[in-house]
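Values below: every heavy atom of this structure, side chains too, minus hydrogens, waters and symmetry copies. Below, read A as the first sequence line, B as the second, and so on, with proteins coming before strands; counting in each chain starts at 1.
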Protein chains: 2
Amino acid sequence: MIKIGELSKVTGCSVQTIRHYEKEQLIASAERSEGNFRLYDEVAVEQLLFVKHCRSLDLSLPEIRQLLGLSRSPGAQCDDVNRMMDRHIEQVEARIQELTKLNEQLRMLRRSCSNRRTVEQCGILRNLSATPVSSG
Amino acid sequence: MIKIGELSKVTGCSVQTIRHYEKEQLIASAERSEGNFRLYDEVAVEQLLFVKHCRSLDLSLPEIRQLLGLSRSPGAQCDDVNRMMDRHIEQVEARIQELTKLNEQLRMLRRSCSNRRTVEQCGILRNLSATPVSSG
DNA sequence: GATTGACTCTATAGTTGTTATAGAGTTTAT
DNA sequence: ATAAACTCTATAACAACTATAGAGTCAATC
Ligand SMILES: [Zn+2]
Ligand SMILES: [Zn+2]
Ligand SMILES: [Zn+2]
Ligand SMILES: [Zn+2]
């Protein structure tokens with residue numbers, strides 16, 4: 001049985017984050033010591049690593065909660081998991097597209113300044129003042 | 001002179017957002033009518049569109065405030081504007097890279113489920129339980 | 001002139017996933 | 001006994017909005 005500081009070191013999640021996950025029901029409520037300190041075992045470490053792995057994939061806390069729910073009802077079909085993953089992948093790809101477009105616009109804007117001028121004549125500021133290309 | 005609702009329609013910014021921008025000093029404090037309603041002229045419309053354009057490029061409110069400051073001191077050199085733009089572009093590109101990596105991992109994970117199975121045997125959940133590839 | 005409806009005002013809370021405090025209690029070591 | 005290191009809860013901060021409550025303003029209708 002380890003305390004929260006050690007769990008933090010082992011998993012790489014901050015102490016506050018661990019407490020937050022507990023409050024949000026992403027990990028089980030920890031047992032407590034006599035002095036009311038949280039105590040964790042190996043299972044708790046695994047649970048937290050699962051959550052951390054999901055977070056590294058940018059799954060939201062509600063999404064993770066849903067995954068945990070599904071994994072606790074083993075009779076359930078995979079469809080639900082898959083639907084969520086597909087939706088999530090879609091969102092990530094949409095965001096990539098958005099940012100790529102953004103990046104092009106930013107680079108174009110950046111090119112409109114040839115340095116060493118004063119801000120008064122700056123193409124960047126002038127272009128920013130003009131109406132946006134399209135507000136997507 | 002138009003009221004805030006009309007400004008909202010003209011610019012496509014919500015009423016609350018306009019009030020928020022005023023509080024955050026991204027647009028000038030509006031004149032007030034007898035009944036304490038905000039009143040805007042053409043200049044105000046332009047100012048708000050500038051801010052909106054910047055936001056559509058994902059510039060943060062502090063960054064926009066900085067741009068506004070620079071554009072108000074016309075003697076200033078372009079260097080500052082450029083430095084900010086470069087930093088911003090860097091961040092956008094870094095985020096694109098991150099998301100691209102993420103997307104690959106998500107797709108790989110998604111492939112590990114062949115549907116119609118029960119969650120118990122699901123490759124997705126199994127792989128999520130395993131230690132992450134790398135926590136970047 | 002009273003009432004309705006559409007609009008506006010301020011102030012405050014909620015969103016998301018943490019991070020950072022404050023102030024108090026616990027444990028371990030000296 | 002005391003100090004250091006840790007833990008506890010509760011609360012605020014971050015970013016950029018969005019949403020709400022409760023009150024006030026204004027124009028038009030009856
Ligand atoms: Zn998602
Ligand atoms: Zn320039
Ligand atoms: Zn930026
Ligand atoms: Zn599956």
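The hydrophobic clustering, which links ILVMFWY residues whose side-chain heavy atoms are closer than 4.5 Å, places F37(B) and Y40(B) apart.
Scanning both residues, V51(B) and Y21(B), for their nearest heavy atoms gives CG1-CE1, 3.6 Å. For the residue pair T100(A) and I96(A), the shortest heavy atom distance occurs at OG1-O, 2.7 Å. Closest heavy-atom contact between I124(A) and L109(A): CG1-O, 3.4 Å.
Of all nucleotides in DNA chain D having an atom under 4.0 Å from a heavy atom of chain A, the first and last in 5' to 3' order are dT7(D) to dT9(D).
Near DNA chain C, defined here as any heavy-atom distance below 4.0 Å, the residues from residues 5-23 of chain A are S14(A), Q16(A), T17(A), H20(A), Y21(A), listed numerically. Less than 4.0 Å separates DNA chain C from at least one heavy atom of each of the following residues of residues 30-40 of chain A: G35(A), F37(A). Applying a 4.0 Å cut-off to non-hydrogen atoms, none of the residues of residues 83-97 of chain A approaches DNA chain C.
Per the geometry, CD belonging to E24(A) stands 13 Å off C1' belonging to dG14(C), to the nearest Å. Per the geometry, CD1 belonging to I2(A) stands 17 Å off C1' belonging to dT27(C), to the nearest Å.
A salt bridge (charged side-chain N to carboxylate O under 4.0 Å, His left out) check over residues 54-67 of chain B, counting only residues at least two apart or in different chains, returns the pairs R95(A)-D58(B), E24(B)-R65(B). Among residue pairs with one or both ends in residues 75-86 of chain A, those qualifying as salt bridge (charged side-chain N to carboxylate O under 4.0 Å, His left out) are D80(A)-R83(A), D86(A)-R110(B); sequence neighbours excluded.
Separation of atoms CG (N82(A)) and SG (C113(B)) is listed at 4.0 Å; rounding is to 0.5 Å.
Within a 6.0 Å radius of CD in E31(A), other residues, nucleotides and ligands contribute 12 heavy atoms or fewer. Within a 6.0 Å radius of CD in Q77(A), other residues, nucleotides and ligands contribute more than 12 heavy atoms.
In the helix from dG1(C)-dC30(D) to dT30(C)-dA1(D), the terminal helix axes, each the rotation mapping four pairs' C1' atoms onto the next four within five end pairs, subtend 40°, rounded to 10°.
Taking the side chain as every heavy atom from C-beta outward, M108(B) and R111(B) approach each other to under 4.5 Å.
Each of L61(B) and K3(B) was matched to the nucleotide of DNA chain D holding its nearest heavy atom; the match closer to the 5' end belongs to L61(B).
Applying the side chain to side chain donor-acceptor pair (under 3.5 Å) criterion to R32(B), with sequence neighbours excluded, gives N36(B). With sequence neighbours left out, S112(B) forms a side chain to side chain donor-acceptor pair (under 3.5 Å) with N127(B). Applying the side chain to side chain donor-acceptor pair (under 3.5 Å) test to Q47(A) and every residue at least two apart in sequence or in another chain returns nothing. For E93(A), the salt bridge (charged side-chain N to carboxylate O under 4.0 Å, His left out) criterion is met by R107(B), not counting sequence neighbours.
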Show every donor-acceptor pair shorter than 3.5 Å between a side-chain atom in residues 3-20 of chain B and any protein atom, with sequence neighbours excluded, or say none if there are none.
{"from": "S8(B)", "atom 1": "OG", "to": "C13(B)", "atom 2": "O", "distance (Å)": "2.7"}
{"from": "T11(B)", "atom 1": "OG1", "to": "L7(B)", "atom 2": "O", "distance (Å)": "2.8"}
{"from": "T11(B)", "atom 1": "OG1", "to": "C13(B)", "atom 2": "N", "distance (Å)": "3.2"}
{"from": "S14(B)", "atom 1": "OG", "to": "T17(B)", "atom 2": "N", "distance (Å)": "3.1"}
{"from": "S14(B)", "atom 1": "OG", "to": "T17(B)", "atom 2": "OG1", "distance (Å)": "2.8"}

